[in-house]
Amino acid sequence: MIGFRALIAGALLVAIGASAQEPAFRAVDLFVDSGSQPLAAYQLSFHSTGASVKIVGIEGGEHSAFSDPPYYDPQAMQSNHAIIAAFSTATADQLPRGRIRVATVHLRISSDRTPEYQLNVQAAATPQAERISVVTEAKERTGL
Amino acid sequence: MNDNIPAPIEERLRKIADGMTVLVPSAIDEAILSRARERFAEIRRRRAKVQCLWWASAAAVLVTMGFVASAFLNAPSYERADIDRNGRVDILDAFALARRIQQGNASGLDFNNDGVVDRADVDAVAARAVKLKKGSA
């Protein structure tokens, strides 16, 4: 009987210890490379898998054309999936070209497993609204 | 009653006519009958022609309605916010609307039904573009 109680107590301690584990916060930068074309609009689908991850914030990018927070569904907060989009009606000479950070997703991770990030392009366009192919990357920020 | 014939004479003539048998040659009888038959046959033919025309018109109307209905059913239906008509709503639709507003060419694109076409309508289309499907969040 005493052995059984000790087993229960041990299990409880392990459970309490696990739940008391501090969640980690990470920032994931989303990059779009439009090559030589000016980027006027983008729409990306961001998905995190492999760990218990919740999106807690989404902020704008580095270039002035995309520095405001992008459009996203508020339902994406507290989930692991978001569709992120933005556009700018600025002229071509005021728009970014090449590789730029268009947004940053802030995550709360509550497991030891390493999350994986999927980023897919749903749309990208030039100032004339012509669809273009772009290269994207989701990169976890280090040194926070 | 003829007013030009004096009444006594008319009376006498009637009495004579009532008492006599008028003999019409059978050839004339046949001719009259034949012409009457021809006349009635002509009337029947005309009625049949008119009926045929009515049926043809009704059939034409039905066929036309069928074509119109088929065109409506087969026409691709676009969401109102799908401004570039590519079959889906994405940020490029919001971008297209923003460009039209900038160019002063956005009449009739009042998506939030507030009576004006402005940035709020662009935001409404963009919100539709990034909306997560149920169960995907």
Side-chain angles (χ1 to χ4, degrees), chain A residues 30 32 34 38-49 53-56 58 60 65-66 68-92 94-95 102-103 105 118 120-134 136, chain B residues 68-137:
Chain A
L30 309 186
V32 171
S34 62
L39 181 70
Y42 72 84
Q43 181 168 318
L44 308 171
S45 172
F46 174 82
H47 211 125
S48 175
T49 57
V53 172
K54 284 182 178 176
I55 297 169
V56 292
I58 297 173
F66 297 109
D68 287 339
Y71 290 103
Y72 60 89
D73 189 342
Q75 295 274 329
M77 291 294 126
Q78 302 300 315
S79 84
N80 63 342
H81 178 215
I83 295 172
I84 297 161
F87 69 82
S88 169
T89 53
T91 52
Q94 295 172 314
L95 292 170
V102 291
V105 181
Q118 291 174 6
N120 297 310
V121 186
Q122 294 188 330
T126 64
Q128 288 76 39
E130 292 163 354
R131 285 177 185 270
I132 52 170
S133 295
V134 295
T136 59
Chain B
V68 170
S70 160
F72 269 109
L73 290 172
N74 293 332
S77 60
Y78 295 108
E79 255 191 71
R80 200 167 157 238
D82 184 8
I83 293 168
D84 59 12
R85 294 287 188 263
N86 70 339
R88 67 176 199 173
V89 178
D90 61 23
I91 194 67
L92 300 194
D93 294 299
F95 182 43
L97 179 57
R99 292 179 75 219
R100 285 200 197 181
I101 290 171
Q102 211 173 37
Q103 294 159 2
N105 181 27
S107 60
L109 297 169
D110 180 14
F111 290 97
N112 60 357
N113 300 313
D114 65 351
V116 287
V117 182
D118 57 12
R119 182 73 194 196
D121 297 291
V122 175
D123 291 344
V125 175
R128 169 69 191 80
V130 298
K131 189 163 181 59
L132 295 173
K133 288 176 187 168
K134 278 184 183 174
S136 73

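Excluded from the calculations below are hydrogen atoms, water molecules and symmetry mates; all remaining heavy atoms, backbone and side chain alike, are included. Letters A, B, ... mirror the listed sequences (proteins, then strands); counts begin at 1.
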* Output the distance between atom CG (L44(A)) and atom CD1 (I91(B)), rounded to the nearest 0.5 Å. => 10.5 Å
* **Any residue meeting salt bridge (charged side-chain N to carboxylate O under 4.0 Å, His left out) with D73(A), in chain and number order, not counting sequence neighbours** => none
* Proximity breakdown for A96(B) and chain A, heavy-atom pairs closer than 4.5 Å -> neither
* Heavy-atom distances under 4.5 Å only: say whether D84(B) touches chain A with side chain, backbone, both or neither. => side chain
* Considering non-hydrogen atoms only, spot the tightest contact between K131(B) and I83(A) and give its length. => O-CD1, 4.1 Å
* Asked: Is it the backbone or the side chain of S88(A) that comes under 4.5 Å from a heavy atom of chain B, or both, or neither?
  -> backbone
* So which of A124(A), A86(A), A82(A), S45(A) has the largest heavy-atom pair count under 4.5 angstrom toward chain B? -> A86(A)
* To do: Write down the atom of P127(A), the atom of F95(B), and the distance for their closest heavy-atom approach.
  => O-CZ, 3.7 Å
* **Contact summary for A123(A) and D90(B), nearest pair of heavy atoms** => CB-OD2, 3.9 Å
* Asked: Are there residues of residues 105-122 of chain B that reach to under 4.5 Å of chain A by heavy atoms, and which ones?
  -> R119(B), V122(B)
* **Side-chain touch F87(A)/L92(B), heavy atoms, less than 4.5 angstrom** => no
* Asked: What closest approach, in Å, do L132(B) and Q75(A) show between heavy atoms, and which atom pair accounts for it?
  -> CD1-C, 4.2 Å
